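All values reported here derive from a predicted model rather than from experimental measurement.
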2 protein chains.
Amino acid sequence: MTIEAGLKSIDGVVPSRADIRNRLLTKMPISDFALLAPHLEMVTLKERQVVEVPGRPITHVYFVETGVVSVVAVNAEDHRIEVGVIGKEGMTGVPLVFGDDRAQHSAYMQIGGSGRRLPAAAFTDALRQSATLRALMMKSAQAFMIQTAHTALANGRAKLEERLARWLLMAHDRLDSDAVPLTHEFLAVMLGVRRAGVTVALHSFERRGFIAARRGQLTLISRAGIEQVAGSFYGIPEAELKRLMTDTP
Amino acid sequence: MTIEAGLKSIDGVVPSRADIRNRLLTKMPISDFALLAPHLEMVTLKERQVVEVPGRPITHVYFVETGVVSVVAVNAEDHRIEVGVIGKEGMTGVPLVFGDDRAQHSAYMQIGGSGRRLPAAAFTDALRQSATLRALMMKSAQAFMIQTAHTALANGRAKLEERLARWLLMAHDRLDSDAVPLTHEFLAVMLGVRRAGVTVALHSFERRGFIAARRGQLTLISRAGIEQVAGSFYGIPEAELKRLMTDTP
DNA sequence: CAAAACCCGTACGTTTCCGTACTGAAAAAA
DNA sequence: TTTTTTCAGTACGGAAACGTACGGGTTTTG
């Protein structure tokens, strides 16, 4: 590990800050970035790539730059549902921020992309050393918590169309294009509904001119339309993320 | 404030540790307890008493001793659903642990009781001073987060009966008796379902001999029966709470 | 003690979504 | 290219839960 760290410290391997696109890495004080940088590793994140397994130790923290991670809660009878998504605004490995070393949920790339990762140990070391880093990571964790709470709200109160619209907006926020490369099947798994139900809902969106669909991909045409469908089930976590990442020290 | 703190420091007002029933207060190192004790105030928590209002600054942290707090997420269109409950195992004011001063959700006493509270400022002061206190509070926060995630799972995948059973078990865990003093109406609000739906489900439980019901109150007769109804939707947050509060420093 | 408010039992038509399954078309593998 | 696999479209009966509402009993209020 010290050897690796040494290697990564060679010029050109330690990432320059200008290349970074993850919002947490760009937002943190330079001193904190310097703490992490020697251990950061650029990684390609292929779709379906698993980053966390429930109950198992977290090996790496992933700072997503492109693509979307799905965090999925699973229970003993294998019921599962997505409790949050992570993109360039966030990171995986939230339990590490709380001093835990195990993953609670299943986490995997729902939409492929890339990011920077560092070993869990290096991350917790850095946390121990920097109060400002801790503060930022806790804000990020809180933002994720808010997202989870509103997922619970949507799951309990919103209709399929509203939930689907909400998901599309959250994905869109985290992508650089209007194209969402996903099958109905995977959308259905995340929302915990039938695949056929997603198909029908997407047709409705398409008929209304909100999206265009082709096999394995759908494209947002009218974000405003989708927002109208999602109604108040979308927005609060996003506004809170902004607030948490903007104000104060 | 300094005057109040002074008054509370008079012998007999600073709570003796033996009287404390909140699990966090009893579990923390004596040094941390000493940090909080001068500011702790014994309070009666009447049912429906509001402890947090979404968007508003958190005034006090409540360490619940008896009774149950409902934490309810609300959106712009006033859709609402419970995202977690807090009893003697926990505390309110989680955002303070993360360095935020505002309440995300609505929080109020669902079942009346009592607890200890201290002003938010005193709490954050103590947090700043003690790393062990921070560690404990973060574990508590994480436990709550896990609960919220599994609420999202239950909301999306479980049937009304399963969700109701889950709720009763969570309430039972936090009460000292088998009696749950609640109307169908309030159970319905928390689960985000019809009052009539709760009535029918409770009848089913009663017919099977799992509970006894009277106006405004129901009594658990067969916890095992209720557990069987809840299935795997109950248990993980409880096991994780135990794990988080048991192991390590 | 009467009036009002609250709580629960029950009902009915309706909406939403499920489980299941078959099909053809498109893409990937052989 | 041919075969296999994956994906989307569609359908149907049924379960679950909804919105609404009425009535009767209990508790609280005036």
Between the axis at one end of the helix from C/dC1-D/dG30 to C/dA30-D/dT1 and the axis at the other (five pairs apiece), what's the angle to 10 degrees? 50°

We want to know whether A/Ser114 and A/Thr66 form a side-chain donor-acceptor pair, criterion being a heavy-atom distance below 3.5 angstrom. yes

I'd like to know if the side chain of A/Arg48 reaches the main chain of A/Tyr108, judged simply by a donor and an acceptor atom lying under 3.5 Å from each other, with no hydrogens or angles considered. no

How are the rings of B/Phe205 and B/Phe210 set to each other: parallel, tilted or perpendicular (split at 30° and 60°)? tilted

Min side-chain heavy-atom separation A/Ile58-A/Pro95 under 4.5 Å: yes

Among D/dT10, D/dT20, D/dA8, find the nucleotide with the atom closest to the side chain of A/His184. D/dA8

A/Gln104 side chain to A/Pro54 backbone, donor-acceptor under 3.5 Å: no

Taking atom C1' of D/dT6 as reference, at what distance in whole Å does atom CD of A/Gln217 sit? 16 Å

Quick one: does A/Glu238's side chain have a donor or acceptor within less than 3.5 Å of a partner on A/Gly235's backbone? yes

Assign A/Gly197 to base, sugar-phosphate, or nothing according to its heavy-atom contacts below 4.0 angstrom with the strands shown. nothing

Salt bridge (charged side-chain N to carboxylate O under 4.0 Å, His left out) contacts touching residues 173-193 of chain B (sequence neighbours left out): B/Arg21-B/Asp176, B/Lys88-B/Asp176, B/Glu89-B/Arg174, B/Asp173-B/Arg223

So B/Phe63 and B/Phe123, would you call those rings parallel, tilted or perpendicular, with 30° and 60° as cut-offs? perpendicular

With a 4.0 Å cut-off on heavy atoms, is B/Ala196 in touch with a base, just the backbone sugar-phosphate, or nothing at all? base

May I ask you to decide if A/Asn22's main-chain N or O and A/Glu65's side chain share a donor-acceptor pair within less than 3.5 Å? yes

Just checking, is any N or O donor in the side chain of A/Arg163 or A/Asn155 under 3.5 Å from an acceptor N or O on the other one? yes

Please report, rounded to the nearest Å, how far the P atom of D/dG9 is from the CG atom of A/Leu187. 12 Å

Can you check each nucleotide of nucleotides 24-30 of chain D against protein heavy atoms at under 4.0 Å and return B for base, S for sugar-phosphate only, - for none, in 5' to 3' order? -BBS---

Counted 5' to 3', the first and last nucleotides of DNA chain C within 4.0 Å (strictly under) of a heavy-atom of chain A are C/dT16 to C/dA27

Might you list the N or O atoms of the protein lying below 3.5 Å from N or O atoms in nucleotides 12-17 of chain D, with each pair's distance?
unit_1 : atom_1 : unit_2   : atom_2 : d
D/dA17 : OP1    : B/Leu160 : N      : 2.5

Judged by modelled atom types alone, do A/Tyr62 and A/Arg117 share a side-chain donor-acceptor pair under 3.5 Å? yes

Tell me which of A/His203 and A/Arg157 sits closer to the 5' end of DNA chain D, going by the nucleotide each one is nearest to. A/His203

Check: B/Thr219 side chain, B/Ile211 main-chain N or O, donor-acceptor pair, under 3.5 Å: no

Restricting to pairs with a member in residues 192-214 of chain B, which pass salt bridge (charged side-chain N to carboxylate O under 4.0 Å, His left out), not counting sequence neighbours? B/Glu161-B/Arg208

